[in-house]
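First the structure, in the form of C-alpha cells, and then the observations on it.
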Amino acid sequence: MAVKMFTWIDERLGLSTIYNVVLDRNVPKVNWWYTLGSASLFLFALQVVTGIFLTVYYVPSPDHAYDSVQYIMNEVSFGWLIRGVHHWGATLMVIFVFIHMLRTFYFAAYKYPREITWLTGVFLLLATLGMGFTGYLLPWNQRAYWATTVGTEIPGTAPFIGDFIIRILRGGSDLSAVTLARFFSVHIWFLPAIIVLLISVHMYLVIRIGISSVPKKEE
Amino acid sequence: MAEPNRLERRDFVKVVVAALGTIMGACITLPAIGYLLSPALAVQKKEDWIPLGPLDSYTIGVPTLFSFTRTTINGWERTVNSYGVYITRFDDVTHKVFSNKCTHLSCRVTWQEDLAEYLCPCHDGFFDIDGEVISGPPPAPLTEYETKVEEGVLYIFFVEG
C-alpha cells in the first residue's frame with residue numbers, strides 16, 4: 001500500500017529523480033574538508049528555524065527590544081535554548097563558511113568551470129557577515145549599541161561619501177529606533193532572501209558541474 | 001554467508017538511524033512546542049483579598065467609593081488596571097461592597113447623594129443602595145464582593161471581571 005502510494009506520488013512529482021540527481025550523484029573520493037558546504041547549509045537552515053521562532057517574542061523597538069530578549073531568556077520555556085542555538089549557530093556559520101572558502105581556495109576549486117560557484121560563494125560569505133553585523137544590534141544592550149556605533153562609524157571614514165554611508169546605515173545621523181528597525185528588516189528579510197537565492201544558484205552549480213577532486217601532488 | 005538470525009549491517013544502520021532520528025526529532029520538537037505555548041500556559045492568579053482600610057473610616061449609610069489598581073504582567077510589560085468599589089455600611093456589623101462597573105455595558109456607576117441611587121450615565125441605569133436594578137437597561141444587580149473584617153480592616157475578595 002505504502003509502495004503504491006509512493007509510486008503514485010513519485011510518478012507525478014519525480015521524487016526519485018530528485019533523489020538520484022541531488023543525493024545519488026557521482027562524487028570523487030574526497031575528505032572531511034568537503035563537508036563544510038553541507039555544514040554551512042545546515043547551519044543556515046538552523047538559523048532560519050531558530051530565527052523564525054525568536055520573532056514570536058522579539059520586538060524591534062528601543063522600548064521593547066531589550067525587555068523582550070530578557071523575557072525570551074528568563075520567562076519563555078526553552079527560550080534560552082532557542083536563542084542560544086541562534087547565537088552560537090551564527091558564530092559557527094561564519095566560521096564554517098569561512099573555512100569552506102579557504103578549502104575551495106587552497107584546493108583551487110574555484111577554477112574553470114566553477115567560477116560562478118566561487119563568485120556566488122563570495123557573496124554568500126559577505127551576506128553571512130552582514131547577517132552577523134545586523135543581528136548583533138538586535139538585543140539592544142550596551143554591547144550591541146556600541147558595537148553598532150563603531151561598526152557604522154568605520155565606513156563613515158570613507159572620503160567624501162562617508163557621512164552619506166553612515167546616514168544610510170543608521171537611517172539618520174544617530175543610532176536610533178530607525179536603525180534598529182532597518183537592521184531588523186535587513187536581518188530577517190533582505191539578507192535571508194538574498195542568501196536563499198545565492199544558495200540556490202550555488203547548489204544548482206554544484207549539482208550541475210559536480211565537485212572538484214582533491215588536487216594531486218603533480219598537478 | 002547470512003545466518004538466519006544475523007542482523008545485516010544495512011538493517012542495523014537503518015534501525016539506529018531511525019531510533020536516533022526519533023530521539024533527536026523529539027529533542028527539537030518538544031522544546032519548540034513548549035516555547036510557543038509558554039505564555040498561554042502561564043496562568044496568573046488574579047483573585048486576591050484587597051484591604052480597603054479601617055471599616056470605621058466609612059460613614060454608616062453613605063456609599064463611599066474606593067479606588068485601587070491591580071498590576072498584571074503580560075510578557076515583559078506591566079499592565080495597570082484601576083478598579084472602583086462602593087462600600088456601604090448599614091450598621092456596625094452589616095456592610096456591602098459593590099463593583100462600580102455597570103452590569104449593562106461596563107460604564108462606571110456613581111452614587112447620587114440627592115437621589116440616593118446609583119446612576120450609570122451611559123444609558124440611564126439606576127440601582128438602589130442594595131445594588132438592585134431600579135430602572136434602565138442593566139440586566140443584573142451590581143456585582144457584590146465577598147467581604148471580611150480582620151483587626152478592624154475591611155477586605156474584599158477581588159475576582160477579575
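Chain A is the first sequence line, chain B the second, and so forth, proteins listed ahead of strands; every chain is numbered from 1.
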B:Ile28, part contacting chain A, at a heavy-atom distance under 4.5 Å: neither
Proximity breakdown for A:Tyr71 and chain B, heavy-atom pairs closer than 4.5 Å: side chain
A:Val49 versus chain B, the contacting section by heavy-atom distance below 4.5 Å: neither
B:Phe66 ring center within less than 6.0 Å of B:Tyr86 ring center: no
Check SG atoms, B:Cys122 and B:Cys107, less than 2.5 Å apart: yes
Portion of A:Leu46 that has a non-hydrogen atom of chain B nearer than 4.5 angstrom: neither
Aromatic ring pairing B:Tyr155/B:Trp49, orientation class (parallel under 30°, perpendicular over 60°, tilted between): perpendicular
Any side-chain donor near an acceptor of the partner, A:Asn20 and A:Thr17, under 3.5 Å: no
